[in-house]
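All ligand and atom numbering here is 1-based and tracks the order in the structure.
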Amino acid sequence: MSQLAQPTLGRAPVALAPTQPLTLRINGENRTLNVAPWTTLLDALREYLDLTGTKKGCDHGQCGACTVLVNGKRINSCLSLAVMQESEDITTIEGIGTAEELHPLQQAFIDHDAFQCGYCTPGQICSAVALLKEGRGKTEAEVRDLMSGNLCRCGAYTNILSAVMEVVNAQKA
Ligand code: FES
Ligand code: FES
């Protein structure tokens, strides 16, 4: 049943935002939330579920900071409505590796100093995880091309490429 969220800013009632219950499967766990139907997956993650590892850069599909995996494929979560992902298998950066056992890409990013401010890093790593799963990106040129949707304002591209290639090459061996 639809519910009404009632923001109470100021004295006059503002427009009521209809919300609906939604269950998302995130990092292997079912999470239920009430959101307006126009809520993006990115806002659902960050604002409703406190999964702030996924970053908001442009909010328009241009920077890749919000990259998450849906059924193993990368998407820009700012371009997807949360309601579209019900019953899909969503993985965010919080579901990739742990502090005790980093994913090889996370370790490689540290080893190669592949970040400066780190804002783009979760998106870069999610994108690279999917790239490896896709079995593509065997050469530097291919990795550059296939990760071209993930921008880094700090210009850490050379080190990001080195980190990803280390894992790509380790998988070939
Ligand atoms: S925040 Fe989604 S692509 Fe920039
Ligand atoms: S490390 Fe700062 S944006 Fe990439």
Side-chain angles (χ1 to χ4, degrees), residues 17 19 22 24-27 31 33 35-99 102-134 136-137 139-169:
T19 64
L22 171 69
L24 296 174
R25 184 151 185 82
I26 303 174
N27 301 329
R31 305 282 304 267
L33 58 161
V35 290
W38 53 82
T39 305
T40 64
L41 177 59
L42 175 59
D43 284 342
L45 293 171
R46 289 183 56 84
E47 308 298 333
Y48 291 79
L49 298 172
D50 211 20
L51 290 167
T52 54
T54 306
K55 301 302 185 215
K56 183 182 279 192
C58 63
D59 211 17
H60 290 294
Q62 292 172 352
C63 72
C66 64
T67 305
V68 299
L69 309 184
V70 174
N71 301 327
K73 294 202 168 24
R74 49 201 163 146
I75 68 161
N76 288 332
S77 58
C78 70
L79 292 184
S80 174
L81 296 178
V83 292
M84 292 165 60
Q85 304 305 342
E86 192 154 30
S87 76
E88 308 297 351
D89 197 14
I90 301 162
T91 306
T92 67
I93 190 67
E94 289 88 350
I96 294 175
T98 63
L102 295 177
H103 185 284
L105 276 162
Q106 291 169 322
Q107 187 61 55
F109 267 62
I110 293 170
D111 294 344
H112 289 267
D113 206 12
F115 41 77
Q116 290 181 37
C117 76
Y119 200 79
C120 72
T121 310
Q124 301 279 2
I125 290 179
C126 284
S127 190
V129 165
L131 184 70
L132 293 174
K133 281 201 181 129
E134 289 162 12
R136 300 193 294 160
T139 66
E140 288 194 2
E142 285 171 2
V143 170
R144 263 198 221 103
D145 182 34
L146 293 165
M147 289 190 59
S148 61
N150 290 88
L151 305 186
C152 175
R153 290 212 164 211
C154 299
Y157 294 111
T158 306
N159 296 16
I160 291 169
L161 183 62
S162 302
V164 176
M165 286 313 295
E166 180 185 300
V167 182
V168 167
N169 289 331

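Screening Asp145, Val168, Leu161 for a side chain to side chain contact (heavy atoms under 4.5 Å, CB included) involving Glu140 leaves a single residue, Leu161. Of the options Val164, Ile93, Ile160, a side chain to side chain contact (heavy atoms under 4.5 Å, CB included) to Ile125 is made by Ile93 and by none of the others. A side chain to side chain donor-acceptor pair (under 3.5 Å) with Thr92 holds for exactly one of Thr52, Thr54, Asn27; it is Asn27.
Among the backbone and side-chain atoms of Cys117, none of the N, O or S atoms lies under 2.8 Å from atom 4 (Fe) of ligand 2. At a cut-off of 2.8 Å, Cys154 is counted among the residues with an N, O or S atom near atom 2 (Fe) of ligand 2.
Within the 4.0 Å heavy-atom cutoff, Gly118 counts among the residues contacting ligand 2.
Closest to atom 1 (S) of ligand 2, if we only count protein heavy atoms, is Gln116 N, 3.2 Å.
The side-chain heavy atoms of Thr39 and Leu81, taken from C-beta on, include no pair separated by under 4.5 Å.
Here the CD-OG distance, from Gln85 to Ser80, works out to 3.5 Å after rounding to the nearest 0.5 Å. Taken from OG1 in Thr91 to NZ in Lys133, the straight-line distance is 6.0 Å, to the nearest 0.5 Å.
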Next item on the list: Dump the intermediate steps for side chain to side chain contact (heavy atoms under 4.5 Å, CB included) on Arg74 and Leu146, then the final yes or no.
Entry: CA-CA 11 Å; Arg74 49 201 163 146; Leu146 293 165; 4.0 Å; yes
Note to self: Using side chain to side chain contact (heavy atoms under 4.5 Å, CB included), reason through Leu102 and Ile110 one step at a time and then give a plain yes or no.
What the structure shows: CA-CA 10 Å; Leu102 295 177; Ile110 293 170; 3.7 Å; yes
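Vertex atom 4 (Fe) of ligand 2; arms to Cys120 atom SG and Cys152 atom SG; angle 100° (nearest 10°).
Listed by chain and number, the protein atoms of type N/O/S under 2.8 Å from atom 4 (Fe) of ligand 1 are Cys58 SG, Cys63 SG; waters are omitted.
Interface of Arg153 with ligand 2, defined as ligand atoms under 4.0 Å from a residue heavy atom, comprises 3 (S).
Checking Asn150 against Gln124 by side-chain atom types alone, no donor-acceptor pair falls below 3.5 Å.
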